[in-house]
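All remarks here apply to the structure that follows.
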Amino acid sequence: MSQSNETRAVTRFAPSPTGSLHLGNARTALFSYLWARKTGGRFILRIEDTDAERSQLRYRDELMEQLRWLGLDWDEGPDVGGPSAPYSQAERGEFYRTLYARLEAQQQAYPCYCTPEELELSRKLQRMAGKPPRYAGTCRGLTAAQRAEREARGLKASLRFAVPAGVVVEFTDAVHGPQRFASGDIGDFIIRREDGTAAFFFCNAVDDSAMGVTQVLRGDDHLTNTPRQLMLLDALELRRPGYGHVGLLVGEDGAPLSKRHGSTSAHEFRERGFLSIAIVNQLFRLGHAADVDGWLSASDMPAHFRPDHLGRAPARFEESQLVHWQKESLERMSAAEIRAWLGSNDPLDFVELVRHNIVLPPDASAWRSVIQGDLAPLGAEEQRIIAAAGPAFFAAASDAFAQSNRDVKVLAKILKERTGRKGAELFMPLRVALTGQAHGPELAPLLKLIPPQIAQRRLESHAQNS
RNA sequence: GCUCCCUUCGUCUAGAGGCCUAGGACACGGCCCUCUCAAGGCUGUAACACGGGUUCGAAUCCCGUAGGGAGCGCCA
């Protein structure tokens, strides 16, 4: 296994442009990217847009934008070209046609005239009989005359791969190890749709091979599909890429990540203000055992990627862990970078002051209004602190503030003499009255940023009544 | 139904027969620091799904059971 890790891996990400980049896909893209970068190989982006109905150019562009945002760049792809162009399957029809012709000439593929209704019925019947729902082979034995008769009736045909009987397909999965499947368990499957477009099993396998991909990394859900693709490649005498199937990414309830888990696309996390490097650090550790615990920069990540430590079990995505990487990422940014991330024009000293109390951009707005606008209503803990201090304290505080020239040290000294309070007993009520919150950045510099009249008013407001 | 896959602390994982009284990280609790939060330091709670084997010895190997998942699509 270590042998293959040393060689230059050619990997790919092959999304279908039918929606935005899902976290699960983002993770396999990341792993593929890292594998290529780690070994000095190549990373290919191929767009699987054979389903004209659902594929949209808009989605393709979004996908590419989101990959770039995550820091994944490709060496070959629809926009940058490469030796295996074109990289959109919709444009590879000619290549597919020569392969179909070969398969038909070798009698390893045949036209199928069954209608969707007939197929549906057949599957239903088989299910009821307790049998696996496989293609019955109705059209496999059709004579030339029978085919001609169907053509004459104007029937459209799909093309099916004739699965060889009695074959055992073996391969070594990069994450699951040795695998064996019997061809008898696999029905003849469609490789060209009735409309002439290539079906997934076919174009996906054939392109990986033709593009020189050495390591296919994909979700576990494809594991049992792999023998089909292998038989196809074998029939065409095309080189087999290595396959690796990683455990799926699931939500906090253990079910596959879906809408009901809230955000599931990279785009949604971006909208909420998560940093791409935070997301990448999190994905890096889901279904993958890194050799370090700490935060990694994008440039350090490839060296720490371990293809032989990819996980078989489903990995649960938990936002609390993402938040950790978000904090770690923020710690490593300059105030100017944080300001840019916030998209604000806050003074840098303000950013510097509140940065450790920010996880997502809305946290910054809260502090912004503390120094300029109104305070949010007090929470339970805050109310308790105010009540415990009492109006007399704030009357004294208000006086003291007027003499303090906004210097917390001076303010505290006067108050200490007047009230006998010190430490938390003294500072906490001040903090709550001035900021409306029981936690936050250091009080002294914060006070300097609050306009004096506003600070004065906040202290006085608690001196009045209970 | 058939075929295949998966199962270590709440979560991510280390672990490839003795180094495991199972390690780390996140989260959670405590202590220190401190006006508070965060950060940092120290520290605590917490897991080998179950049952049989094999072995001097099993989280690690074998066989079952249970639970979860995937595939069997003219969707990728």
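Here is how names work: the chains are called A, B, and so on, in the same order as the sequence lines, proteins then strands, and each is numbered from 1. Everything numeric in this text was worked out from a predicted model, so none of it was measured. Side-chain atoms are counted along with the backbone in the values below, which use heavy atoms only and exclude waters and symmetry mates.
- Taking 4.0 angstrom as the limit, A:Thr197 places none of its side-chain polar atoms (N or O) nearer than this to OP1 or OP2 of B:rC74.
- Counting distance only, with no hydrogens placed and no angle test, the side-chain atoms of A:Arg431 and the base atoms of B:rC35 include a donor-acceptor pair under 3.5 Å.
- The pairing partner recorded for B:rG40 is B:rC32, the criterion being a Watson-Crick or G-U wobble arrangement whose two distances lie under 3.5 angstrom.
- In this structure, A:Arg421 reaches neither bases nor backbone, as no heavy-atom distance under 4.0 Å exists between it and the strands shown.
- In this structure, A:Arg218 atom CZ and B:rG71 atom P are separated by 12 Å, rounded to whole Å.
- Taking the side chain of A:Gln321 as heavy atoms from C-beta on, and the options B:rC74, B:rG71, B:rC26, the nearest nucleotide is B:rC26.
- If you check every strand for non-hydrogen atoms under 4.0 Å, A:Phe181 touches sugar and phosphate atoms only.
- A:Gly440 comes within contact range of at least one nucleobase, with a heavy-atom separation under 4.0 Å.
- Atom CG in A:Asp293 sits about 13 Å away from atom P in B:rA27, given to the nearest Å.
- Ring centers of A:Phe317 and A:Phe269: under 6.0 Å apart, within the cut-off.
- The separation between A:Gln282 atom CD and B:rA27 atom C1' is 12 Å, rounded to whole Å.
- The CE atom of A:Met428 sits 9 Å away from the C1' atom of B:rC37 (whole-angstrom rounding).
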inquiry  = How would you summarise protein contacts on nucleotides 44-51 of chain B per nucleotide, using B for base, S for sugar-phosphate only and - for none, with heavy-atom distances below 4.0 Å?
reply    = --------
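- In this structure, CG of A:Asp51 is placed 8 Å from C1' of B:rA76, rounded to the nearest angstrom.
- Nucleotides B:rU11 and B:rA27 are separated by 16 Å at their P atoms, to the nearest Å.
- Heavy atoms of A:Arg123 sit under 4.0 angstrom from primed sugar atoms or phosphate atoms, though from no base atom.
- Note: CZ (A:Arg316) to C1' (B:rU7) measures 11 Å, nearest angstrom.
- In terms of phosphate contacts, A:His356 brings no side-chain nitrogen or oxygen within less than 4.0 Å of OP1 or OP2 of B:rC37.
- A sub-4.0 Å separation between OP1 or OP2 of B:rA39 and a side-chain N or O of A:Arg355 is absent.
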